[in-house]
Chemist: 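Structure below; questions to follow.
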Amino acid sequence: MKEELVSIIIPVYNAEKYIEETIKTVKEQTYKNWEMILVDDKSTDRSKEIIKENLSDNIILIELSKNSGTAIARNEGTKVAKGTYISFLDADDLWDNQKIEKQLKFMQENEYAFTYTAFQFVNEDNTKRSKKVNVQKQLDYKEALKNTRILSIAVMIDLKQIAKEECTMVNVLHEDIATWWKLLKNGHMAYGLNEVLVYYRRYGNSKASNKLRNCKYRWELYRKVEKLSVIKSIYYFLHYAFYGVIKRI
């Protein structure tokens, strides 16, 4: 396996409770050729101080002048990324310690440009894990509209094959889903590594736990972002409601 530099973008906002553990989950990776870019989105807690205690040659802090949201924070990190590959992690989530190594091998052996892995939900205290959430072997635009299981923290992209500019996050609610749809709509295919390598922390009031709000956001993505007709939006929404809400959550 060719040891290319992997850039890890982490937006941070008031994550003092978890950011140390998230940084540790990267430090403990079996693959060592990485840079971690933490983008502080004008936190008001001790997040920035904790990050500064962990800074090194390959752990970088970017401080935004105002609170701008997750999409902008990720985009600012992406701009300065030096890696051949880029991946995303949130300030309160976790990776398996072989995540980078296994996903990079999967990509290089198959010459894939856009990949994602299976995942599990964990509670706030990281004591209870859900069953494995499986992912598709491959996913195109139309299938993704029906059933998107691409978590941002599970994604890795080869910037030799997909331009960095294409990876710019769409600045809307559920910006990650809108961005993956954009890449797929541009003709790229997403390939799933069906092994749990990431752990997504779920809270009682989080987006993932609020089914009605998720449904509203998904409908707005169909109509306002993708600009689908009402008929097409209903068609894809019904698939989403079955796969995304009933089966996954």
Chemist: Looking at Asp45 and Ala15, what are the two nearest heavy atoms and their distance?
Modeler: OD2-N, 3.2 Å
Chemist: Can you see which heavy atom on Val12 is nearest to which on Ser47, and at what distance?
Modeler: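 Heavy atoms only, the tightest pair is CG1-CB, 3.8 Å.
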Chemist: At their closest point, which heavy atom of Ala178 faces which heavy atom of Val172, and how far apart are they?
Modeler: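 Between these two residues, the closest heavy atoms are CB-CG2, 3.9 Å.
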Chemist: Will you find, in the side chains of Thr44 and Asn14, an N or O donor that is under 3.5 Å from an N or O acceptor?
Modeler: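 There is such a pair (donor and acceptor under 3.5 Å, judged by atom type) between the side chains of Thr44 and Asn14.
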Chemist: Return yes if some donor-acceptor pair links the side-chain N/O of Arg201 with the main-chain N/O of Asp92 below 3.5 Å, else return no.
Modeler: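 Answer holds: yes.
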Chemist: Less than 4.0 angstrom from a charged side-chain N to a carboxylate O is my criterion; do Lys24 and Glu20 meet it?
Modeler: no
Chemist: Who passes side chain to side chain contact (heavy atoms under 4.5 Å, CB included) against Leu197, sequence neighbours left out?
Modeler: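 Listed in chain order: Asp96, Lys99, Lys102, Thr117, Leu193, Glu195.
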Chemist: Is there a donor-acceptor pair closer than 3.5 Å between any side-chain N or O of Arg149 and the backbone N or O of Asn134?
Modeler: yes
Chemist: Applying the side-chain hydrogen bond (donor to acceptor under 3.5 Å, both in side chains) criterion to Lys48, which one of Glu63, Glu16, Glu53 satisfies it?
Modeler: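 Output: one option passes, namely Glu63.
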Chemist: Can you tell me which residue among Ile37, Ile100, Ile59, Asn58 is in a side-chain contact (heavy atoms from CB on, under 4.5 Å) with Ile8?
Modeler: Ile100
Chemist: Hey, which of Trp181, Tyr217, Tyr235 is the one that makes ring pair (Phe, Tyr, Trp, His ring centres under 6.0 Å) with Tyr222?
Modeler: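 Of the listed options, the one satisfying the test is Trp181.
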Chemist: Could you verify whether a donor N or O on one side chain and an acceptor N or O on the other, from Gln103 and Tyr112, lie under 3.5 Å apart?
Modeler: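 Note: Gln103 and Tyr112 side chains miss the donor-acceptor criterion.
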Chemist: Step through the shown structure and confirm whether more than 12 heavy atoms of other residues, nucleotides or ligands are within 6.0 Å of NZ on Lys182.
Modeler: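 Check passes, neighbour count above 12.
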Chemist: Checking side-chain contact (heavy atoms from CB on, under 4.5 Å) between Ile62 and each of Val39, Asp41, Leu38, which is the one that passes?
Modeler: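 The residue from Val39, Asp41, Leu38 that satisfies side-chain contact (heavy atoms from CB on, under 4.5 Å) with Ile62 turns out to be Val39.
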Chemist: Taking the basic N atoms (NZ, or NE/NH1/NH2) and the acidic carboxylate oxygens, is any pair closer than 4.0 Å for Lys232 and Glu226?
Modeler: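 The answer is no: the pair does not qualify as a salt bridge.
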Chemist: Less than 4.0 angstrom from a charged side-chain N to a carboxylate O is my criterion; do Lys32 and Glu3 meet it?
Modeler: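 Judged by the 4.0 Å cut-off on N to carboxylate O distance, Lys32 and Glu3 do not form a salt bridge.
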Chemist: Is it true that Gln98 and Thr30 share a donor-acceptor pair across their side chains at a distance under 3.5 Å?
Modeler: no
Chemist: Under 3.5 Å, is there a donor-acceptor pair between the side chain of Ser43 and the main chain of Asp40?
Modeler: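 Checked: no pair found.
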Chemist: What's the shortest heavy-atom distance between Lys27 and Trp34, and which atoms?
Modeler: CA-CZ2, 3.8 Å
Chemist: Any donor and acceptor pair, going by atom type alone, linking the side chain of Thr22 with main-chain N or O of Ala91 inside 3.5 Å?
Modeler: yes
Chemist: Between Glu220 and Lys216, does any side-chain N to carboxylate O distance fall below 4.0 Å?
Modeler: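 Yes, charged N to carboxylate O under 4.0 Å.
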Chemist: Distance only, no hydrogens: is a donor on one side chain within 3.5 Å (strictly under) of an acceptor on the other, for Ser152 and Trp180?
Modeler: no
Chemist: Looking only at heavy atoms, what is the nearest atom pair of Ala118 and Val198, with distance?
Modeler: O-CG2, 3.8 Å
Chemist: Between the side chains of Glu49 and Arg46, is the shortest nitrogen-to-carboxylate-oxygen separation below 4.0 Å, so that they form an ion pair?
Modeler: no
Chemist: Is a side-chain N or O of Arg202 found less than 3.5 angstrom from the main chain of Phe121, in a donor-acceptor match?
Modeler: no
Chemist: Would you say the side-chain atoms of Asp140 pair up with the backbone N or O of Met189, donor to acceptor, closer than 3.5 Å?
Modeler: no
Chemist: Roughly how far, to the nearest 0.5 Å, is CZ of Phe114 from OH of Tyr191?
Modeler: 11.0 Å
Chemist: Kindly say whether Val155 contributes a backbone atom to a donor-acceptor pair with the side chain of Ser87 at under 3.5 angstrom?
Modeler: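 A pair under 3.5 Å: no.
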Chemist: Could you list the residues that satisfy side-chain hydrogen bond (donor to acceptor under 3.5 Å, both in side chains) with Gln161, not counting sequence neighbours?
Modeler: Asp158
Chemist: So, the side chain of Asn194 versus the backbone of Val135: is there a donor-acceptor pair under 3.5 Å, distance only?
Modeler: yes
Chemist: What's the shortest heavy-atom distance between Leu89 and Ile153, and which atoms?
Modeler: CA-CG2, 3.8 Å
Chemist: Determine whether more than 12 heavy atoms belonging to other residues, nucleotides or ligands lie under 6.0 Å from atom NZ of Lys164.
Modeler: yes
Chemist: State whether the side chain of Glu111 and the backbone N or O of Met107 hold a donor-acceptor pair below 3.5 Å, judged by distance alone.
Modeler: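 Checking the backbone N and O of Met107 against the side chain of Glu111, no donor-acceptor pair under 3.5 Å is found.
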Chemist: Keeping Asn171 on the side-chain end and Ala71 on the backbone end, is there a donor-acceptor pair under 3.5 Å?
Modeler: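 Side chain of Asn171 to backbone of Ala71: no pair is present.
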